[in-house]
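A short worksheet on the structure shown next.
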Amino acid sequence: MATKTDVSDAIQVPESTNGQSNPPFDEISVSLSFRKYSGERVLHTDLGLSVQDIRDIYRNMLLQRRFEERSAQMYGKQKIAGFLHLYIGQEAISTGSAYALKPGLDTVITAYRDHGLALAFGMSTNECMAELFGKVGGCSQGKGGSMHFFSREKGMYGGHGIVGAHIPLATGIAFAHKYRGDGGVCVCYLGDGAVWQGAFHESLNLAALYGLPAVYVIENNQYAMGTSVDRAAAEPDLFKQGISYAMPGALADGMDVFSVCQAMRDHIAMAREGQPSLLEIRTYRYRGHSMSDPGKYRTKEELDTKKNEDPILQLKSYVLEYGLMDNDELDELDADVKAEVIHSVTFADNSPPPPLEAIYEHVYTQGDYPFIE
Amino acid sequence: MATKTDVSDAIQVPESTNGQSNPPFDEISVSLSFRKYSGERVLHTDLGLSVQDIRDIYRNMLLQRRFEERSAQMYGKQKIAGFLHLYIGQEAISTGSAYALKPGLDTVITAYRDHGLALAFGMSTNECMAELFGKVGGCSQGKGGSMHFFSREKGMYGGHGIVGAHIPLATGIAFAHKYRGDGGVCVCYLGDGAVWQGAFHESLNLAALYGLPAVYVIENNQYAMGTSVDRAAAEPDLFKQGISYAMPGALADGMDVFSVCQAMRDHIAMAREGQPSLLEIRTYRYRGHSMSDPGKYRTKEELDTKKNEDPILQLKSYVLEYGLMDNDELDELDADVKAEVIHSVTFADNSPPPPLEAIYEHVYTQGDYPFIE
Amino acid sequence: MAQLQLREAIRAAMVEEMERDESIFLMGEEVAEYNGAYKVSEGMRDRFGDRRVIDTPISENGFAGLGLGASMSGLRPIIEFMTWNFAFVAMDQIVNNAAKIRYMSGGQFSFPIVFRGPNGAAGQLAATHNTSVESLYSCFPGLKVISISNPDDAKGLLKSAIRDNDPVVFLESEYMYGMRGEVSDDADYTIPIGKARIGREGDRVTIVGHNKSYWRAMEAAEMLAADGIEAEVVDPRTIRPFDWETVIRSVKKTNRCVVVDESNPFASVASEVAFQLQSRAFDWLDAPVARITAKDTPAPYAKNLMAYYLPSAEEVYRACRDVLYLT
Amino acid sequence: MAQLQLREAIRAAMVEEMERDESIFLMGEEVAEYNGAYKVSEGMRDRFGDRRVIDTPISENGFAGLGLGASMSGLRPIIEFMTWNFAFVAMDQIVNNAAKIRYMSGGQFSFPIVFRGPNGAAGQLAATHNTSVESLYSCFPGLKVISISNPDDAKGLLKSAIRDNDPVVFLESEYMYGMRGEVSDDADYTIPIGKARIGREGDRVTIVGHNKSYWRAMEAAEMLAADGIEAEVVDPRTIRPFDWETVIRSVKKTNRCVVVDESNPFASVASEVAFQLQSRAFDWLDAPVARITAKDTPAPYAKNLMAYYLPSAEEVYRACRDVLYLT
Ligand SMILES: Cc1ncc(C[n+]2csc(CCOP(=O)(O)OP(=O)(O)O)c2C)c(N)n1
Ligand SMILES: Cc1ncc(C[n+]2csc(CCOP(=O)(O)OP(=O)(O)O)c2C)c(N)n1
Ligand SMILES: [Mg+2]
Ligand SMILES: [Mg+2]
C-alpha cells in the first residue's frame, strides 16, 4: 500500500558549497521501517474476540458516546461547569486499548480528555457523572472535575490538565512496574499537541534508556484546539518521533477498534519485554475542543467525511455484516446504555456537594491540616 | 566508508502477537541520508583559505589553548573563582566556525564552556581574562564570570549556565534575523548533554516550523560531566535528532578544523536560505568538566588516544606537511600568543574591581534602581 | 474615550503599539488563526498578517525563550500565555533568562518583552488551572510585574509595558475580559509603571487589592459605607516595583490596613505589604495588617468549595471591622 | 553519636532508610557512577547497585516527573537536583503535579517523594546559580519544605522527610556540605517536620534564620553578647509548615525580631515571618520586624560584589541594635 512516506523521503539538502568535484563528505544511509496497522486486515476472530466480547466492545463505545452527549446537555443546564472536553469520535482508542491490557495489573494515564478512557477502564458512569457535577460521589470526590478523573482501583492514574505534564508521570509509573517486577505496563495517552512539550522528549528518552514497560500513544485527532498538526509539527508524521530514542514507532487507525486493539497488543507485548514504544493513532474529534469552541478552523466537508468513518458506525456495520448482533439486539443495547446514563445523572443529582470543611482534606496525607499554627 | 549506521539499523520489533499468517499491518519504509564530513577529504585550498588564513586559524586555536592553560593556573592562584570549564581539545570547532560565518552579521550563542568561542569570534584576551578575574574591564564588567562571556559588538550572545536554556534564545535570535530580513544566521552551540533538555526539542521544532536561519551545533565531546553519551542517550547518534523536525542532520569531525569549516559553511548556507539544520560535531575535552573534576570516568588509554587527535597538533602537521609555515615561524607565533596571554593577565590584574554601587547597575535599563521606594 | 471590554482595551494597546513600531510582534498559542483563546487578539492576524501575529505549538518554554532571544536582538515581542498556569513549564526562561541575562552581560543585552495572559482563579477548573503567580515573579529582580483591574488601566499600562525596555510580566484575568469601562483613545495614553491608583477615598481603613481582588475591596468598601465607615481602596496596579509611597501615605491616614490577594497566603504579595507597612509605618498602625487570601489549599472543582476558596467581599468587610475593633 | 560532615549525615540518612525500605531509590544527575557532584551519594551505587541508585540525563523535568509517577505507584523516590537552580525547568512537575494531584484525585494518590539538593548562594557562580527557592515552593499547599543548617538536623529531618507520605522539598547548601558536627547514629533518629530549634537562648531580641542564615544569626548573637545583649536565635528548620508557635513565644519574650534570609527580599520567608508576627504578636512588638536578605539584585560574579550581596553577620548585628534602638 502506498503511503506518503512509503519509500523514501530523505530530507533535501542543497549542494555542498565546496568547489571540489568530489564531495567533502560521505553519506550515512539509514533505513527505517514502521508498521501501519489497518483494521481492514483484522477480523474479531483474529483477535480472539468472542461474540460476547464484540457486544461488550460495542456497548462500551456507545456508553462513552451517550455519556458525553448527556454531559454536554447537563453542561447546558449548568449542572457541570469549567471545561468539558468531549472524546466523541475517539472511542475506538479507549475501548480497543482496554481489550489489549491486563486489568488489575496494567495502568493508564491520559490528558484532560479523559471520560472515554475512564469508562473503558471500568470506572462507573455514576462516579464519572457525579465528578462532573462536583459531588462527593464523584470519582475524585468533586475535587477534580472533568479533567481529573482518577481511579486507583482501576489503575487509572488520571486525567491531567497541563498539556504534556503527565508524560513524565507515565514514565515513572512504568518505572515502578519495572522496579517491582510486577510485569505490568503503563500506557500513556497524549494528544498530538502534547508532542511539542519538552516533557515528551525527556520522557521518551528516559523510558528508552531505562528500558521501561511503557507505551506512548499519541491520539492524533488532527487538532490541538484550533491548530492542525501540520501547523504545529515540522514533521507531521508523529510516529517518526521514536527515532530519536531508538524506539519502535507505528501507526494505527483510530477509527477502527480492531486496528487499535491489534496495535496495542503488539506494543504492550513489546513493553512487557522491556521495550517501550511510540504508537500514533489517527482519529478525529467530532466536537469542538471544549464546550466554548465552535470549531471554525475546519470545514464542514472535512467533518462530514470523518463522520462517515465514525468508529461506532463502522463497528455496527461489521457486527451486522458478520451477523454478530441483529437490529433488535442493537436497539436493546442502545436502550440499556441510555438507561445507565440517565441513572448516572440521577445519581449525580442526588449525591451531596462536598461539605465546606472538605476544602482542607486531601491537601496532605497528614490528617491535621491546616496544621495547627 | 563503513560507519556504524551505514546501511540499516531499523529498530527491531518482535513478531506480531496476531496469529494470522498475513501480518495485520503494512510496512512504511523510510530511507534517510546524512552527511559525514571528513577532514581528510578537504584541503585548505578547497576551502579557499590562504596561507595567511591558515596562520590566523592556527594562531587562534593556540590562543584559546594558551589562554585557558593560563586561566587554569590563575584559578590555582585564586585570581579566578567559581566554575571554570575549559574548552581545551575543542578549539577546531570555534575557530572552524569563525571561518564559516559572516562577522558583523551572523550571531553565535553557546553554553558555559564559552572561552574558546569568545576568542574565536574576536573578543579580546584582555576583556576575557578580566572577566574571569571579576574586574570592571571584563567583557561583562565582572558580573558574569567564566560562564557568561557576552559581546554585543561581536554578535556573541553569551555563554549560558543553565544547560539547554540558551537553545530557545538562539531560536529567537534566528527569528529576529528572519523578521528583519537582514540575511544573518544564528549558530547555537550546545553540549551532548543539552540534547536531553526539553528546550532542545521545542526549539528545533519551532525553528523548522518557522523556517528560521539557525544552525544547531552539538559539540559532542562524549561526556556531560561524568556521563558518557551512551549512558544519557537512548540513541547515541545525535545527528538523527533532526528527523523529528524534518531537519537535515550531519556529522563532522571536531578534531579537524577543515571538516568543521566545511560542514559549517554548508549548514550556514542552508540556514541563510531558511532551512535550519542540526550538525553533530564529535570532539573531546581533555580536561575535567570543571576545575574540581578529576575525570575518573574515563581511562588513561582513551584520553591518550584522543590526545593523538589533538586538533592543534593535526593542523600543525598539516601546516608543516604542506609547507605553509616552518618551525621558526611556528615558534614565533607561539611566543606571540604567549605574550598576548600574559599581557591579558596583567591587564586583568590592573583592572579595578567593580565599585559596590555597581551591584544595582544593569538590573534594569531604568536608571534609578533600586527604585525610589 | 470609548466604552471597551477589558479584552478590547488590551487589544487596542497592542494594535496601537504595533502600528507605531514595526519591531513589535505577538506570539502565542491560538493568537492568530483562532483569534485568541479568549478572543483578546481577535482580528489582529487579519490586520498584521502571519509575520507579526504568530501561532505556536504548545511549547511554552520554547516560545517564551524564542521571544527572549528576539528581544535580545532588539525586537519587542509580546508573548501571550494562554494562561499563566501554563507558564510554569517556561519558568526557567523567565526567571533565569529574562530576569538575569542583562545583569550577567554587564548591561549589554536588554529584554524589551512583555509576557501576558490571564492569571489567578478562572472558575471551576480545579487546582492546576487557578494559580496566582504574582508573588512568584515579583521576587525576581530584573522583572517588572503588572496586574490590572479595569480596561483603562489595562490599556495604559500595557502600552507602557510594551514601550518599556525591561521584561514585564503582565497579569490579566479570564473573569474580567468581558468587563466594560471607559478607555482613553489617545494613541499616546500610557500609565506609568509603578504607580498605584486610589479607587476610593476614605479615612478609617485602607484596603489594598489588585486585579479581581480590587473589586472585592470595592464591594467591601460599599458594605462598610453602609455602616458609616469610609474605607480607602488602593489598587497597586504594579506589583514590582510596588508603589509603597501611596500605600504608606494612605495607612498613615487610616492607621489600618487589610490586603486582599487571591494567591495562597504564604509569602504572598499580602505578606510583603504587611512587612513594608510594619517596617515603615509601625507607629501609625493601630491594628495588625490583616489579609484575606485564597484558602491555603489547591483550588477545588466543586462549585461550593471554589466559592469558599476565593476571597469574598464579606470576608474583607469582616476583616476591616476586625482591624477597626468593631467586632 | 558520630562526627560527620553534613554531606555524610545526608548520606547516612539515605543509606539507613534505603536499608530499611526497599521501595526507596535515589535518582539524579551524577549520583551513581560519579558518586555525586558534591559527593553526597558517595559509595551508594556500590552499596545498592544500579537498580536503586540511578544516573539520569540532564532532564530535570523528565526525571522529577518520573519520580512523581513512581511515588504515585507507591515507591519512595529521592530525587536529587544537582542544585535547586536547575529545578526551574522542572517547576511545573513540582508545583502542579506534586502539590496538587493528591487533592485533585480526592486523596486517591499520594506522593511520598523527597526532592533534595543544595539551595541558595554557592559562591562566585553568578546570577543563575545562586537562587534561593524556599519562598517559591513554600507558597504551594501540598508541599512541605525543609531547610537545614547542620549535620544532625540534616540527618534527622531527611529521615523524617523520606518516611513522610507527602512530597518534601529538602534544601541543603554547597557551602555547608563539608561542615562537621555530632550526629545521632540511632537508626530511628528522626526530627519532626514542622518544629523549630532554639540555637541560643536570650531575652533581648529574637533572630530567625535558616540554612546558612542561621550561622549569620549565631555570629551576630556573639557580637551582641560582646555588647552584653543576649539574643535568642531560632532556626525554623521547616519552612512549610512553619513553627509559628516557637517564634511567637520567643518574640513575646524579647519583643523584637530580626529575620535573616538569603533570598531576594520581596515576598520572601522573611516577609511571611513579619506578617505573622505583626498579626499574632502585635502588642508584644516594641519595634518593627527587621529583615536582612540578599540585596534585591541578581547575584553578581565579582568577589567583592558577591560578598556585599549576601547577608552578613555585621548587617544582622546592626539590625538587632536598630530594633533595640541602640543606634
Ligand atoms: C502547558 C499547557 N499549555 C496550554 C494549555 C491549554 N490547552 C489545553 S488543551 C490544549 C490543546 C491540546 O491539544 P492535543 O494535545 O492535541 O489534545 P486534544 O485536545 O486534541 O485531545 C491546549 C493548548 C495547557 N492546558 N497546558
Ligand atoms: C538545567 C541544568 N542542569 C544541570 C546543570 C549542571 N551541569 C552543568 S554542566 C553539565 C553537563 C553538561 O554537559 P554537556 O552539555 O555535554 O556540555 P559539556 O560540559 O560537555 O561542554 C551539568 C549537568 C545545569 N547547569 N543546568
Ligand atoms: Mg489533538
Ligand atoms: Mg559534553
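Proteins get letters first, then strands, A, B, ... in listed order; numbering begins at 1 in each.
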statement: From the list K100(D), E60(D), M27(D), the residue making the most non-hydrogen contacts under 4.5 Å with chain A is M27(D)
- prompt: Does the R52(D) side chain pair with the main chain of I24(D), one donor and one acceptor, at a distance under 3.5 Å?
  reply: yes
query: Is a donor on one side and an acceptor on the other found under 3.5 Å between the side chain of E131(A) and the backbone of S140(A)?
result: yes
message: Please classify the contact of N165(D) with chain A as side chain, backbone, both or neither, using a heavy-atom distance under 4.5 Å.
response: both
query: So W84(D) and F81(D), would you call those rings parallel, tilted or perpendicular, with 30° and 60° as cut-offs?
result: perpendicular
- prompt: Which bit of D55(D) comes within less than 4.5 Å of chain A, counting heavy atoms only: side chain, backbone, both or neither?
  reply: backbone
- prompt: Tell me, side chain or backbone of Q93(D) under 4.5 Å from chain A's heavy atoms, or both, or neither?
  reply: side chain
query: Side chain, backbone, both or neither: which part of N97(D) has an atom under 4.5 Å from a heavy atom of chain A?
result: side chain
field: Residue selection (most heavy-atom pairs with chain D, distance under 4.5 Å) from F150(A), Y157(A), Y179(A)
entry: Y179(A)
statement: Among G194(D), P141(D), P167(D), the residue with the most heavy-atom pairs under 4.5 Å to chain A is P141(D)
query: Under a 4.5 Å heavy-atom cutoff, which of Q141(A), H160(A), R180(A), E361(A) has the most pairs with chain D?
result: R180(A)
message: Below 4.5 Å, heavy-atom pairs only: which of D243(D), V89(D), I58(D), I101(D) has the largest tally toward chain A?
response: I101(D)
- request: Please state whether the rings of H115(A) and F67(A) are parallel, tilted or perpendicular, taking 30° and 60° as the class boundaries.
  value: perpendicular
field: Carboxylate-amine/guanidinium proximity below 4.0 Å for R113(A) and E219(A)
entry: no
message: Measuring centre to centre across the rings, with the benzene-like ring taken for any Trp, is F115(D) within less than 6.0 Å of F170(D)?
response: no
message: Quick check on S23(D) against chain A: is it the side chain, the backbone, both or neither that has a heavy atom closer than 4.5 Å?
response: backbone
message: With a 4.0 Å cut-off on N to O distance, would you call D164(D) and R76(D) a salt bridge?
response: no
Chain A contact via D92(D) - which portion, at a heavy-atom distance below 4.5 Å: side chain
task: Flag the one option from G138(A), G145(A), S151(A) with the top tally of heavy-atom pairs under 4.5 Å to chain D.
output: S151(A)
task: Against chain A, label L143(D) side chain, backbone, both or neither, depending on which of its atoms sit under 4.5 Å from a heavy atom there.
output: backbone
message: Quick test of your reading of the model: are E22(D) and R51(D) salt-bridged, counting only N-O distances below 4.0 Å?
response: yes
task: Check for a donor-acceptor pair, side chain of H362(A) on one end and backbone N or O of G106(D) on the other, with a separation under 3.5 Å.
output: yes
message: Using a 4.5 angstrom heavy-atom cutoff, name the option from S73(D), P112(D), S71(D), G62(D) with the most pairs to chain A.
response: S73(D)
